[in-house]
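Below: the structure, in C-alpha cells.
When a ligand or atom number is given, it counts from 1 through the structure's own listing order.
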Amino acid sequence: MARVVLKGICKGALSASGYRGPALALSGELSCLHLTQQTTAEYHSVSGAKHARKDRLRQESKSGTQTETQCKFRGVNVLREPKFNKGTAFTLKERQIMGIHGLLPPVVFTQDEQVARVLANVRNWDEPLEQYIYLNGLQDRNEKLFYRLVSDNIEEMAPILYTPTVGQACQKYGFIFRKPRGLFITINDLGHVYDILCNFPEHNIKAVVVTDGERILGLGDLGAFGMGIPVGKLSLYTAMGGIPPQQCLPVVLDVGTDNEKLLTSRNYIGLRHKRVRGQRYDDLIEEFLEAVVRRYGQNTLIQFEDFANHNAFRLLEKYQNKYLTFNDDIQGTASVAVAGVIAAMRITKTKLSENKYLFFGAGEAAIGIAKLLMMAMEEEGVSPEEAREKIWMVDSRGLLTVGRPSGGISKEKLQFAKDYKHMPSLEDICREIKPSVAIGAAGQGGRFTEQFIKDMGSFNERPIIFALSNPTSLAECTAEAAYVHTEGRAVFASGSPFDPVSLNDQVFYPGQGNNAYIFPGVALGTIVAGVHHVTDDMFLIASKVLAGLVTDADLAEGRVYPPLSTIREVSTQLATKIVEYAYDNDMAATYPEPDDKESFVRQHQYSTEYESFVPEIYSWPGVVE
Ligand SMILES: NC(=O)C1=CN([C@@H]2O[C@H](COP(=O)(O)OP(=O)(O)OC[C@H]3O[C@@H](n4cnc5c(N)ncnc54)[C@H](OP(=O)(O)O)[C@@H]3O)[C@@H](O)[C@H]2O)C=CC1
Ligand SMILES: CC(=O)C(=O)O
Ligand SMILES: [Mg+2]
C-alpha cells in the first residue's frame, strides 16, 4: 500500500508549500484529507481549547491560511454527506478515487448545468410549500448546489425558504417533516443541555439561532413546529451573509405549547403539554447559554428569534451584555425599519425629527423600532424628550396612554405612553394625530384600511406607510392598496414581499422591510471581529449603512431598500462597518487587526464553488495515475 506524506492535498485548494499533515493512504482505505478554501475563515478569537489547537496547527503550517477538514467519507457515504456531495458533478477521476464510480449515471455535469436543472425543478412545483419541501431535500443532498441556487436566485427563493412560505411550513412542520435539522432541546433535558450540544455533528459553531416557538411570525404559539424559523434564518445567514453552513446551529427549546390544536394533533412533533414557565423555563435558558459558550466558545453568536413578548424583552435585558446575543425581532427589525425611514427622508426631504410616527402595535418590533428611531433623532440634535414626543403607539387596547383605567402598562410601553385621552380606534387616532409615518407591527392583517391610507395621503404629499407584519396575510395593507389609495404617492415597505404594482403607466417596487436585510450582515461582522456583545449602536450603524446603499434610482422606483438581489453585497458592507466599529471601540478580539476590513470580511465568506477531491499528488511529476 503506497503511503506518502503530502505537501499539498486538495488540487486548487493548497499551494504545495510546507504542509506537514498526516500520511494519506492511497489504496483501498483512502480517507480524503480535504483542505477547504475557506482559508482564513477560522477565527483567532478564543473558542475553546480544541480550536486553539487548530489555530496553532494552522499557524505552524507555512501557508498559515488553510482550514483543514478531515473528510472520512468514501464510497457511497460521500454521496450521502451533503457538505461533500457534488452529485453528477463528480469527475470521472474523483469517482474512481473515492470509490463511487458506477454509483452515479455516467454523465458529468458542471455546477451551472446542475443549477439550471434544480431551478427548473423548483419551478415545476405549483405550490410554494412543495417548493419548500423540494429545496429542503436539495439542502439535505447537496449543500453547495443548494446555496448556489438560492444565492443566485435570492429574490425567487427567499419567499419560499423564508416569509411567507416558512410560516406555512411551520404550521405544517410535523406533516412535512422529513429529516431532522438542528437541535431539539426540551425542558426534560435540564441538566444535560451540554451533552446534547455534544451530539451535534459540527464542532466549529459560530452562530446559533434559537426559538422557543411561542410567537412564530404573527402566527402565535407553534411550539416545536417553530424549528422552521431558526432553520430558515440560518439558511439566510449563509445565502445572504456568506456565513459557512457548518458554523450554523438552529435550535428549538421545547418547553411545551399552549396551542390546543397542536396538543391534540397526530402530527405534532413536540412535547405534548402546556408550556412550562417560571423558574424551570429560566433555568433552561440559562443552562442553554452556558452550554453554548462552554461547547463553542464565548464568541459564539446567539440570536433569539420569535420568543413571545413577555420573555423577549426581559431575556434581552438579562443577557445582552453577558453573551454575544441579540433579539432579532426587537433589534434586527428596528434596524431595518429605521433604515427604510432614513432612506424615505430623501424622498420627503425632511429630517427624522421633523416627522410624526404612528405605530400600530406596541410589541417587540414596534418598541424596538421606536427606541432606535429615538437614537437616530437624537443624533440629529434633538433631546430624548423631543424625540419621544414624535412617537405615538397603539396596542390592542388603543392609544398608549399613561392614565389607562386598568391593567397597568409595561415599562417598555410606558416610555411611549402619552398623557392623552383614551382612544380605541386606529382610524380615529390617525385622523387626530395626523402622522407622516405609519408603521404596522401588530400582526393584524388589513388594519390599514382604505380610509386609513386615504387619510395618510390627505395629510402628506408622500405618506410613509410600512406594513411590517408577517406573513403576507397579516400585512396591515397590501402594496397595491397603499399605492392605489394614495394615487402612487405612498412610500411603502412590507415585512413579506409584494410583487411590483403598475399604476398609471408607472411601476412601483415595494421595499421589503424585513430584518433579513440586517441579521446576516450584523452577525457576520460580530463573528469575524470576535466581539463580546452586540450593542444598539451596531444596529444604528447597520441602519445607516443600509440606507446609504439605496440609490436615487431605487428611490425613483419606490424602493427604500436596495434590491434583494444585492443582499450578499449589502451584508458584506454591513459586516465591514461592524468590524470597523468593533476595532475602533476596542471591542474586537480577533488579532491581529486586519488592515483591510472589507477583504477580511470577504475571506470569511462561504464559497459555493465545488472543490476538487483529487489529491494534488496526481499532478506531481512522476506520479502515475
Ligand atoms: N418585518 C419584520 O422584519 C418583522 C416583522 N414582525 C412582525 O410584527 C408582528 C408583531 O411582532 P412582535 O412585535 O414581535 O409581536 P408582539 O406580540 O411583541 O407585539 C404585538 C403587538 O401588537 C398589538 N396588537 C395585537 N392585536 C392588536 C389589535 N387588534 N389592535 C392593536 N394592536 C394589537 C399587541 O398589543 P398588546 O401589547 O396590547 O398585546 C402588541 O403590542 C408580527 O406579525 C411579526 O411577524 C416582527 C419582527 C420582524
Ligand atoms: C421577520 C421576523 O423576524 C418575524 O416576522 O418575526
Ligand atoms: Mg422573527
*Got a sec: does the CD of E480 have more than 12 other heavy atoms crowding it under 6.0 Å?*
no
*Count up the protein N, O or S atoms sitting under 2.8 Å from the Mg ion (ligand 3), would you?*
3
*Are any non-hydrogen side-chain atoms of F225 and T257 less than 4.5 angstrom apart?*
no
_Are E379 and L540 packed together at the side-chain level, in the sense that at least one heavy-atom pair is separated by less than 4.5 angstrom?_
yes
Do NZ/NE/NH1/NH2 and the carboxylate oxygens of [X] and [Y] come within less than 4.0 Å?
X: R404; Y: D395; answer: yes
X: K274; Y: E260; answer: yes
X: D536; Y: K371; answer: no

*Any luck finding a side-chain donor-acceptor pair between Y268 and N259 under 3.5 Å?*
no
*So F448 and F452, would you call those rings parallel, tilted or perpendicular, with 30° and 60° as cut-offs?*
parallel
*Name the orientation class of the two ring planes belonging to F508 and Y483 (parallel below 30°, tilted from 30 to 60°, perpendicular beyond 60°).*
parallel
_Applying side-chain hydrogen bond (donor to acceptor under 3.5 Å, both in side chains), can you list everything that pairs with T348, at least two apart in sequence or on another chain?_
T350
*Is the gap between the ring centers of F326 and F539 under 6.0 Å?*
yes
_First-shell residues of ligand 1 [heavy atom, distance under 4.0 Å]_ = R215, L217, G218, N309, D329, T333, F360, G361, A362, G363, E364, A365, D395, S396, K413, A441, A442, G443, Q444, R447, L468, S469, N470, G495, G513, N514, N515
*Looking only at heavy atoms, which two atoms of A339 and A547 are closest? And how far apart?*
O-CB, 3.5 Å
For ligand 2, find each of its N or O atoms that sits under 3.5 Å from a protein N or O atom, and tabulate the pairs with distances to one decimal place.
from: ligand 2; atom 1: 3 (O); to: K233; atom 2: NZ; distance (Å): 2.9
from: ligand 2; atom 1: 3 (O); to: E305; atom 2: OE2; distance (Å): 3.0
from: ligand 2; atom 1: 3 (O); to: D329; atom 2: OD1; distance (Å): 3.1
from: ligand 2; atom 1: 3 (O); to: N515; atom 2: ND2; distance (Å): 3.0
from: ligand 2; atom 1: 5 (O); to: N470; atom 2: ND2; distance (Å): 2.8
from: ligand 2; atom 1: 6 (O); to: R215; atom 2: NH2; distance (Å): 2.4
from: ligand 2; atom 1: 6 (O); to: D306; atom 2: OD1; distance (Å): 3.0
from: ligand 2; atom 1: 6 (O); to: D329; atom 2: OD1; distance (Å): 3.0

_Using a 3.5 Å distance criterion without hydrogens, assess whether the side chain of N327 forms a donor-acceptor pair with backbone atoms of I330._
yes
